[in-house]
Amino acid sequence: MPAETSPALPFLPFALPEIGEEEIAEVVDALRSGWVTTGPKTRQFEGDFAAFLGDETRGERVHCIAVNSATAGLHLALEALGIGPGDEVITTTHTFTATAEVVRYLGADVKLVDIDPATLNICPKAVEAAITPRTKALMPVHYAGLAADMPALLALARKHGLKVVEDAAHALPTTCEGRLVGTLDSDATVFSFYANKTITTGEGGMLVTRDDALAKRAKLMRLHGMNRDAFDRYTAKVPSWYYEVVAPGFKYNLTDIAAALGIQQLKRAQAFYEQRCRLAAAYDEALAGLPVILPPKGRPGHQHAWHLYVLRLAEGAAIGRDRFIEKLFEQGVGCSVHYIPLHLHRYWRDRYGLKPEMFPHSQHAFERMVSLPLYTRMGIADVERVARAVRVALA
Ligand SMILES: *Cc1c(COP(=O)(O)O)cnc(C)c1O
């Protein structure tokens with residue numbers, strides 16, 4: 001390690017959650033209460049989340065259904081929409097495998113499409129070209145926290161009679177044309193509270209919908225297809241032992257221990273968002289003029305949640321992406337890549353005979369992209385340190 005790279009600085013990891021005393025106290029309260037699985041804290045978290053989104057959207061009540069992961073929420077949404085064998089669901093190749101795997105859980109097929117290189121989000125033109133008579137649904141991902149082109153995608157869905165399930169794992173709080181993701185005109189929206197997301201419950205997710213029938217089915221399938229959950233049976237006036245199984249459901253409920261974390265994290269979501277914006281702006285300033293492409297920005301009315309800060313090395317950069325990441329690591333800076341596109345993973349490649357040439361924009365972006373550390377426990381000095389390491393690596 002060169003002497004000038006400050007070996008005294010501790011390693012700066014790629015991601016860290018911010019858990020405060022309020023979260024710890026709320027979790028302890030759940031632990032002391034005697035009720036640790038789905039119960040009052042989960043109900044409160046669902047209610048708080050609905051309030052965060054505005055309770056009602058254009059006169060319709062918002063249902064918030066807490067689940068033990070976003071993956072579970074995506075699965076429940078597609079199941080409730082009746083997706084099954086013979087159906088096709090279109091999503092972006094530039095995502096985490098969870099977005100696509102849930103389609104396969106249901107025996108339906110995944111049609112992966114390319115991204116718009118300007119936004120790194122799913123390309124509506126590519127979506128339109130991929131629609132067949134078997135297509136039943138679209139799954140946009142709000143990549144990095146920037147909303148996908150929802151007006152174009154929703155117009156396509158209306159024209160072709162398709163359902164829309166938004167993967168909003170990165171998108172709390174993201175807006176599209178001034179409206180919060182979670183209140184748009186899709187059928188369902190799913191948020192993630194995984195450890196590195198903008199708020200966390202350790203593991204967890206929230207399925208949001210204004211479709212009463214979808215909500216009813218998802219709540220049933222969240223817990224074994226039983227028509228009463230344990231807390232309902234515990235608190236009800238009728239005999240507590242009786243319930244009926246009406247479908248082969250799943251085990252996707254959130255614990256009250258996790259929901260306790262969520263209640264307090266959600267209160268901080270706006271402050272977290274503001275800190276992420278400050279850090280992203282500091283990166284933009286510190287990295288200006290280097291042979292890199294800075295992350296795409298939201299247009300007015302498109303608030304970027306800044307879950308990820310994704311840099312791309314410019315054509316003229318003197319170094320490749322893999323070596324660049326090694327050089328940052330040597331200087332004590334962790335980073336990551338979002339994502340190794342699905343078309344390069346063995347399962348997706350082999351099942352659908354995919355080739356990189358089918359996804360030129362995703363492939364090109366992948367080969368030169370790196371996600372820099374961006375989390376609320378960082379300060380501006382950390383951003384400046386990362387920017388110095390970037391400059392050294394590019395020199
Ligand atoms: C994190 C993530 C998921 C899965 O979220 P879990 O809560 O871990 O299931 C899905 N899609 C995207 C784009 C993600 O980043």
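Read the numbers this way: they start at 1 and go in the same order the structure lists the ligands and their atoms. None of the values given here were measured: they were computed from a predicted structure.
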Check: Out of Glu101, His170, Lys197, whose heavy atom is nearest to atom 1 (C) of ligand 1?
Finding: Lys197
Check: Run the salt bridge (Lys or Arg N to Asp or Glu O under 4.0 Å) check on Arg210 and Glu56 step by step: do they pass?
Finding: CA-CA 9 Å; Arg210 288 174 291 133; Glu56 275 194 0; over 6 Å; no
Note to self: For atom 9 (O) of ligand 1, what is the closest protein heavy atom, and at what distance to 0.1 Å?
What the structure shows: Thr71 OG1, 2.5 Å
Check: Does the distance from a Lys or Arg side-chain N to an Asp or Glu carboxylate O, for Lys41 and Asp29, drop under 4.0 Å?
Finding: yes
Item checked: Which of the ligand 1 atoms, numbered from 1, are nearer than 4.0 Å to a heavy atom of Ser69 -> 7 (O), 9 (O)
Notebook entry, point to check: Do the charged groups of Asp284 and Lys297 touch, with an N to O distance under 4.0 Å?
Noted result: yes
Notebook entry, point to check: Do Glu46 and His63 get their side chains close enough for a donor-acceptor pair, meaning under 3.5 Å?
Noted result: no
Notebook entry, point to check: Any sub-3.5 Å donor-acceptor pair from Thr189's side-chain atoms to Glu166's backbone N or O?
Noted result: no
Next item on the list: Mark up the atoms of ligand 1 that fall under 4.0 Å of a heavy atom belonging to Thr95, in ascending order.
Entry: 13 (C)
Check: Which atoms of ligand 1 have any heavy atom of Gly204 under 4.0 Å away?
Finding: 7 (O)
Next item on the list: Determine, for Arg179 against Asp185, whether the closest basic-nitrogen to carboxylate-oxygen distance falls under 4.0 angstrom.
Entry: yes
Notebook entry, point to check: Hey, is Tyr339 one of the residues with a heavy atom under 4.0 angstrom from ligand 1?
Noted result: yes
Margin query: Suppose I only count heavy atoms of Thr99 and a 4.0 Å limit; which atoms of ligand 1 are within that range?
Written below: 11 (N)
Note to self: Can you confirm whether Ile340 is buried at CD1, in the sense that more than 12 heavy atoms of other residues, nucleotides or ligands lie under 6.0 Å from that atom?
What the structure shows: no
Notebook entry, point to check: In terms of residue, atom name and distance, what is the protein heavy atom nearest to atom 11 (N) of ligand 1?
Noted result: Asp167 OD2, 2.7 Å
Next item on the list: Please determine if Ala70 has a nitrogen or oxygen closer than 3.5 Å to a nitrogen or oxygen of ligand 1.
Entry: yes
Item checked: Option whose closest heavy atom lies nearest to atom 5 (O) of ligand 1, chosen from Ala171, Ala72, Ser192 -> Ser192
Next item on the list: Could you tell me whether Lys136 and Glu88 make a salt bridge, using a distance below 4.0 angstrom between a side-chain N and a carboxylate O?
Entry: no
Check: Among protein heavy atoms, which sits nearest to atom 8 (O) of ligand 1, and what does the distance come to when rounded to 0.1 Å?
Finding: Tyr194 CB, 3.8 Å
